[in-house]
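The structure displayed is predicted, hence computed values, not measured ones. Each chain gets a letter, A, B and so on, in the order its sequence line appears, and its residues count up from 1.
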Amino acid sequence: MAGSLTAASVGEDVIVAGWVGKRRDHGGLIFVDLRDGTGIVQCTFDPEDSRDAFVLAERIRPEWVVKLEGTVRRRPAGTDNPNMATGEVEIIVRSAEVLNTAETPPFEIEAGIDTDELTRLRWRYLDIRRPEVREALVLRDRVTQRFRKALEHRGFVEVETPILTKSTPEGARDFIVPSRLNPGKFYALPQSPQLFKQLLMIGGMERYYQIARCFRDEDLRADRQPEFTQVDIEMSFVGQEDVLAMTEGVMHEVMREAGHDLVTPLPRITYGEAMERFGTDRPDTRFGLELVDVAAVFASSEFKVFAGALSSGGASKGICAKGAGDWSRGRIDALNQVALDAGAKGLAWVAVTSDGDVKSPIAKFFTEDEMSALRAALGVDDGDLALMVADARPVANEVLGVIRLRLADELEVERHGFCALWVVDFPMFTWDDEEERWTATHHPFTLPFLDDIDALDERPGELLAHTYDLVINGYEIAGGTLRIHDPELQLRVLNRLGLSTEEAKAQFGFLLDALGFGAPPHGGIAFGLDRLVMLLAGAHSIRDVIAFPKTSSGSDPMTQAPDAVSPRQLKDVHLRVD
RNA sequence: GGGGGUGUAGCUCAGCUGGUUAGAGCGCUGGCCUGUCAAGCCAGAGGUCGCGGGUUCGAGCCCCGUCACUCCCGCCA
């Protein structure tokens, strides 16, 4: 009500209820900004209109809850406030009632405050009164509703899956819940509905979705919370193209809801290409700064470090930092440190000043021809800085991927709008040095490329899988796979991951059994709803789009969770705590 | 688990090379004020300098430890 009053409402008698914002007391005249869910309107207390209301207005304080009755009036000439939606009008208050008083809030309830997040979270319900937080939650609702609408329209059925479920190996650390009725046994909270959606396909649901809460007991980040929300989707009797087309259609509608036009079909690149060009599997394609293979330049050069890396099967890659040719040595050294931290042995560089002078610790190893070849390969003009890494191919790519993002910041590269793309064909397995075994790149239920299935045993590192990640502005917004529907193949994959047949049956027996009862071919995708809304809201953390998020140590400053429980509770669930 | 940053009034911050009684703006309280909207003017209250230890004649400042928040790496199939 409050925020929707305009000149068209002039003359109307209205009742508004809400919170007191700013109060401006002129002695003989008092203005109160009244805020409700719709916005803010100025309410004017004049003793000539109502003595009682005026006397009350002298007492009220910020964040008191009041109900005001009065008439909407055009503001006197010259007193309009063009900065507020209701700035042409005001309510002349005839009667006022205090519904509740309030403590002085620990921070001001208004847009654009610069208060520490801990303070905001401790009084999150006050923070939620502020417009940015409110708008983020409203946006989240609109996005969620649009997902529902778009999916229902396409024949999907929303099904709830268990929150109390079974811990399985592979993947993230589970949150576990002790069972009172089963001493010594535990439920696990789902990392995602994963297996249940497959079981729904086997159950003949054919098209399932769920706005699903997921739980992972891992360390937090700006874009990672211990509980988060997926829009989880699965379809039967489909191939990859069907899933991608469905996803693009739904995304188009969702983006439209948020006021953006997503041009489809989206570009696609393979995982391999993403790594070669951007040094990451989730490239931010709002800018170039792509990685270039400079092996041809270094193969025969006198620069032993690079030539050596190449001859031992590695790669040498480079990136051209436009306009960085005049950077100080210190600034380049800082980049070198970034490269070292990212795992490089060093960062080679050639700076060409805007006067055309070449400065480089490695220039002495190059002939004039080689130097021009390097500049041509990377597109280095006067005033540019070339950065090169030679190492095992994955290392060289990843290091330059990190450098690329750093350069985008340093060079203040323009990054606006939304650049979405598919990254497809991830490897089925990734070698884990620490555990000395193959792990599933996406998950163990991913369908590998069947035309190369011999690689499963012979060359597991080369086997690709039917996978697709939707990446926007460097964030993985959705990811999915076609699933294995053959129990024999599923068992082979689990074996390949180091699970014996007995272990596989103990952990995933219900899935293997189910696959044996006529599982249809199926595949799907899951969106990270929090991240998507964060991007759409222009926020920098998913905490900004979650009503009651946790701090980076996983605690809630408002409820004080997690907290100790009583000895009785522990005894009930057969637990002892040190 | 590791690295960086931060921690001083309710909020945001300043506080010099270690030196008297720790300051400012906003907010809050009281007073004045009939057209403000970051209202204005006057007055006032408000401090475990995150916590613990150490060095020193003397610590907000230096040292050690610790806690919290935050960003990143590891981790997140």
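Counting distance only, with no hydrogens placed and no angle test, the side-chain atoms of R224(A) and the base atoms of C75(B) include a donor-acceptor pair under 3.5 Å. Residue R75(A) places a side-chain atom within donor-acceptor reach of the base of C37(B), judged by atom type and a 3.5 Å distance cut-off alone. No hydrogens or angles were tested; on distance alone, nothing pairs the side chain of D341(A) with the base of G3(B) as donor and acceptor under 3.5 Å. Within 3.5 Å, no donor on the side chain of R61(A) pairs with an acceptor on the base of G27(B), nor the reverse. Residue side chain R120(A) does not reach the base of G10(B) through any donor-acceptor N/O pair under 3.5 Å, judged by distance alone.
Using a 4.0 Å heavy-atom cutoff across all strands shown, D25(A) reaches at least one base atom of the nucleic acid.
Residues in residues 28-49 of chain A take part in these salt bridge (charged side-chain N to carboxylate O under 4.0 Å, His left out) pairs, two or more places apart or across chains: R24(A)-D33(A), R35(A)-E63(A).
A gap of 42 Å separates the C1' atoms of A38(B) and G52(B), to the nearest Å. With both ends at atom C1', the span from A59(B) to C42(B) equals 38 Å, rounded to whole Å.
In this structure, the separation between CG on D232(A) and CG on L529(A) is 12.0 Å, given to the nearest 0.5 Å.
Along RNA chain B, the nucleotide nearest to H540(A) and the one nearest to P62(A) differ in position, and the one closer to the 5' end is contacted by P62(A). Comparing F445(A) and S552(A) by the nucleotide of RNA chain B whose heavy atom lies nearest to each, the residue mapping closer to the 5' end is S552(A).
The stretch residues 485-498 of chain A has no heavy atom under 4.0 Å from RNA chain B, so no residue of it qualifies as close.
Checked against salt bridge (charged side-chain N to carboxylate O under 4.0 Å, His left out), D341(A) has no partners two or more places apart in sequence or in another chain.
If you measure from atom CD of E58(A) to atom C1' of U29(B), you get 16 Å, rounded to the nearest angstrom.
Judged by Watson-Crick or G-U wobble contacts below 3.5 Å, the nucleotide U6(B) has A68(B) as its partner.
The side-chain tip of R459(A) does not point at the ring of F429(A) from less than 6.0 angstrom away and within 45° of straight on.
Note on S553(A): a side-chain N or O is less than 4.0 Å away from OP1 or OP2 of C69(B).
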